[in-house]
Undergrad: 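Questions regarding the structure given below will be posed in turn.
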Amino acid sequence: MESNWKLYQDLETILYSREQIAEGVKKLGQKITQDYQGKDLVMICILKGATPFFADLMREIDLPLTIDFMVVSSYGASTKTSGEVKLVKDLDRSIQGKDVLVVEDIVDTGMTLSYLKRVLEGRQANSVAIASLLDKPSRRKVELDVQYSCFEIPDAFVVGYGLDFDEKYRNLPDVGVLKPEKYL
Ligand code: 5GP
């Protein structure tokens, strides 16, 4: 709590410490390393929330791989999803015949990723799988397979380790629940 102490004051509780996150990401990286042997892996980072997770996860995967980036519309300054997904920045390179791993910060209703998955599958990828740091299964509105996730969390609004509220808190090294008075 010594560093970033002003940001920590806005948290109700810390859900996952940086040590727990590092451990979870390492395990996920090992599993992905096993599963993608001999495949042509492309990791896609969904900006901006997935950046710390993406940077840590790719360094836990002991395989040749390439990376690319996408921007889709998200919550903005609200904590509720609009249900509308817009592709703001597309990939730089073709994914035809590739084994795509979409890396996201959190799966909530599942609408963002189910849309993205459809878009990517339409581009003749060999496979499209999802890796998410966090998963809120109780909030799901559409059916979605999340092949790789570090932690399942209850229905609370979380920030830190890439996750924001109104573009803030992304630099917190831990994941915590934001005090409701900060966004209500
Ligand atoms: P979905 O389409 O699954 O409902 O929403 C996915 C996106 O909503 C995430 O990429 C993230 O930007 C945002 N989101 C969902 N739940 C949370 C949360 O608890 N905290 C933050 N900061 N963003 C969230």
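Counting convention: from 1, in listed order, for ligands and their atoms alike. What you see is a predicted model, and the numbers here were worked out from it, not measured in a lab.
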Undergrad: For ligand 1, which atoms sit closer than 4.0 Å to a heavy atom of D164?
TA: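 Selected atoms, number and element: 21 (C), 22 (N).
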Undergrad: Show the atoms of ligand 1 that are less than 4.0 angstrom away from any heavy atom in A156.
TA: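 Counting from 1, the qualifying ligand atoms are 19 (O).
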Undergrad: Where is the tightest heavy-atom contact between A131 and F53, given as atom of each residue plus distance?
TA: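 Looking at all heavy atoms of both residues, the closest pair is O-CE2, 3.9 Å.
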Undergrad: Judged by non-hydrogen atoms, does G110 sit under 4.0 Å from ligand 1?
TA: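 Under 4.0 Å: yes for G110.
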Undergrad: Run the numbers for me: atoms of ligand 1, each under 4.0 Å from some heavy atom of K136, listed by number.
TA: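 Answer for ligand 1: 16 (N), 17 (C), 18 (C), 19 (O).
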Undergrad: Do V88 and Y115 sit in one hydrophobic cluster, given that two such residues count as connected whenever their side-chain heavy atoms are within less than 4.5 Å of each other, even indirectly?
TA: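 No, V88 and Y115 fall in different hydrophobic clusters.
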Undergrad: Of the side chain and backbone of D105, name the one, both, or neither that has a heavy atom under 4.0 Å from an atom of ligand 1.
TA: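 Only the side chain of D105 comes within reach of ligand 1.
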Undergrad: For ligand 1, which atoms sit closer than 4.0 Å to a heavy atom of I106?
TA: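 Result: 6 (C), 9 (C), 10 (O), 11 (C), 14 (N), 15 (C), 16 (N), 17 (C), 18 (C), 19 (O), 24 (C).
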Undergrad: Would F157 count as a contact of ligand 1 if the rule is a heavy atom under 4.0 Å away?
TA: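 Per 4.0 Å heavy-atom rule, F157 contacts ligand 1.
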Undergrad: Indicate yes or no: does K48 engage E167 in a salt bridge with an N to O separation below 4.0 Å.
TA: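 Yes, charged N to carboxylate O under 4.0 Å.
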Undergrad: Using a 4.0 Å heavy-atom cut-off, which part of R139 comes near ligand 1: side chain, backbone, both, or neither?
TA: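 No part of R139 comes within reach of ligand 1.
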Undergrad: Who are the side-chain hydrogen bond (donor to acceptor under 3.5 Å, both in side chains) partners of D90, not counting sequence neighbours?
TA: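 For D90, the residues satisfying side-chain hydrogen bond (donor to acceptor under 3.5 Å, both in side chains) (neighbours in sequence not counted) are R123.
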Undergrad: Can S94 and Q96 be counted as having a side-chain donor-acceptor contact under 3.5 angstrom?
TA: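 Per modelled atom types, S94 and Q96 side chains form no pair under 3.5 Å.
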Undergrad: Only heavy atoms of E104, strictly under 4.0 Å: list the atoms of ligand 1 that pass.
TA: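 Ligand 1 atoms under the 4.0 Å threshold to E104: 10 (O).
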Undergrad: Only one of T51, D56, D174 clears side chain to side chain donor-acceptor pair (under 3.5 Å) with Y161; which?
TA: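 Going through T51, D56, D174 one by one, the side chain to side chain donor-acceptor pair (under 3.5 Å) with Y161 is satisfied by D56 alone.
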Undergrad: Donor-acceptor pairs are to be reported for all side-chain atoms of residues 145-160 against protein atoms at under 3.5 Å, with residues two or more places apart or in another chain.
TA:
| from | atom 1 | to | atom 2 | distance (Å) |
| --- | --- | --- | --- | --- |
| Q147 | OE1 | I130 | N | 2.9 |
| Y148 | OH | D35 | OD2 | 2.6 |

Undergrad: In terms of atom number and element, which parts of ligand 1 are under 4.0 angstrom from non-hydrogen atoms of T112?
TA: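 Per the distance check, 1 (P), 2 (O), 5 (O), 6 (C).
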